[in-house]
> 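Before anything else, here's the structure in question.
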Amino acid sequence: MPSDPSVPDALAPRMSGNPVFPGWYADPELHLFRGPDGVPRYYIYPTGSADFASQASFECWSSEDLTQWQNHGVILDFKDVPWSTNYAAWAPSCAQSPHDDKYYFYFSAGDGAGIGVAVSDSPAGPFRDAIGIPLVRDYFFGAQAIDPHCFVDDDGRAYLYYGGHGHCVVAPLTRTMCAIHRAPREITPSPDYVEAPFMVKRQGKYYLMWSEGEWSDSTYLAAYGVSDSPLGPFEYGGRILENNPEVAQGAGHHSVLQLPGTEDEWVICYHRRPLGDTDGHHRVTCIDRLVFREDGSIAPVNLTHQGVSAHPAQVVNGGTESTG
Ligand code: FUB
């Protein structure tokens, strides 16, 4: 018998809904961190999606269960980063150092100024510019210095992936997390690669993910490749995010996270644009399920309005926090 929709179903799981929080936010990087207060929380580090001139700071959001999100306000302001452009604050990435437990925040300073690194004792900031100069500014192998992503491998080695203008590079970081250890190497995984690299390790395989198309319209999408090494080469795996004409367009620039305490359950955090909306900056942050098939390939993501069900943030067996 169909249930009465006016009666709340106490047994129905609480859902995140999509978007997971209000406002125009893009390029979301999702993590699980246990901050200095010892409480594990999910964190999302997005770009504030507005015209470039007004993008001069970064915010972050946190949640204890993926469904209720709290805005922590500005965590890094370009007025405190003198070498930055003071506009086009894009695509941040956050990682916890396995060496000093501090949190390192990598960010793009618009067209030309480069990629910076900031540091904090807390995943919710505030972050301060760590080195006073860009970590990367020049082009290597044609890669524009935007869209940084820091990946920390199980052995404690950290890698910086980045690159716009159709080229992707990776550079190992030093133990300080604030310097390039070896010169970047090109790992552009596909002729269609555009930007937004993200790395995750699952069952010993390295999955490099990226975005293709034009970020401001419905050609935007995401794809992935697989390797035995964080340095590639990557075998093309297929598309994971694409338009759904019933739900949303322009889905891309994402991150993924294994749900804590599960054998193999994953979520994908990405931005997408409302159907019929032609303003390229109108991007919202969403979370949906990501499914690895038995053969290790990734199924195309089902974009939803309901999002994902509540899942408590926890660090299992004192084990890993975020590795992506
Ligand atoms: O949000 C600004 C830019 O749009 C990012 O750097 C690109 O990856 C694209 O998402």
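Indexing begins at 1, ligand by ligand and atom by atom, following the structure's order. Residue indices begin at 1 and follow the sequence shown. Every value quoted in this text rests on a predicted model; they were computed, and no experiment measured them.
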> Which of the atoms of ligand 1 are close to W90, meaning less than 4.0 Å from one of its heavy atoms?
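So the atoms of ligand 1 that pass are 2 (C), 6 (O).
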> Can you say whether the rings of F21 and Y25 are parallel (under 30°), tilted (30 to 60°) or perpendicular (over 60°)?
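Ring orientation, 0 to 90° scale: perpendicular.
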> Report the nearest protein non-hydrogen atom to atom 4 (O) of ligand 1: residue, atom name, distance rounded to 0.1 Å.
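Of every protein heavy atom, R283 NH1, 3.1 Å lies nearest to atom 4 (O) of ligand 1.
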> Judged by modelled atom types alone, do N71 and W69 share a side-chain donor-acceptor pair under 3.5 Å?
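Distance-only check fails for N71 and W69.
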> Quick check on contacts: which atoms of ligand 1 are under 4.0 angstrom from a heavy atom of Y220?
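Answer, ordered by atom number: 8 (O), 9 (C), 10 (O).
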> What protein heavy atom is closest to atom 3 (C) of ligand 1, reported as residue, atom name and distance in Å?
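For this ligand atom, the closest protein heavy atom is D27 OD2, 3.9 Å.
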> For the residue pair R202 and F292, would you count it as a cation-pi contact if the rule is NZ or CZ under 6.0 angstrom from the ring centre and within 45 degrees of the ring axis?
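Yes, a cation-pi geometry holds between R202 and F292.
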> So if I count the atoms of ligand 1 from 1 in the order they appear, which ones are less than 4.0 Å from some heavy atom of H271?
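Selected atoms, number and element: 10 (O).
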> From the options W215, Y220, W24, select the one residue that forms a ring pair (Phe, Tyr, Trp, His ring centres under 6.0 Å) with H271.
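Exactly one pass, corresponding to Y220.
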> Does one side chain, of Y206 or D153, offer a donor that lies under 3.5 Å from an acceptor on the other?
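A pair is found: one side chain offers a donor N or O, the other an acceptor, under 3.5 Å apart.
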> Please state which protein non-hydrogen atom is closest to atom 9 (C) of ligand 1 and give its distance, to 0.1 Å?
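Ranking protein heavy atoms by distance from atom 9 (C) of ligand 1, first comes E195 OE2, 3.3 Å.
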> Counting from 1, what ligand 1 atoms have a heavy atom of D147 closer than 4.0 Å?
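Going through ligand 1 atom by atom, the ones under 4.0 Å from D147 are 5 (C), 6 (O), 7 (C), 8 (O).
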> When you compare ligand 1 with H253, is there at least one nitrogen or oxygen pair between them that comes in under 3.5 angstrom?
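Yes, since at least one N or O of H253 sits under 3.5 Å from an N or O of ligand 1.
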> Tell me whether the rings of Y236 and W210 are parallel (<30°), tilted (30 to 60°) or perpendicular (>60°).
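Rings of Y236 and W210: tilted, 30 to 60°.
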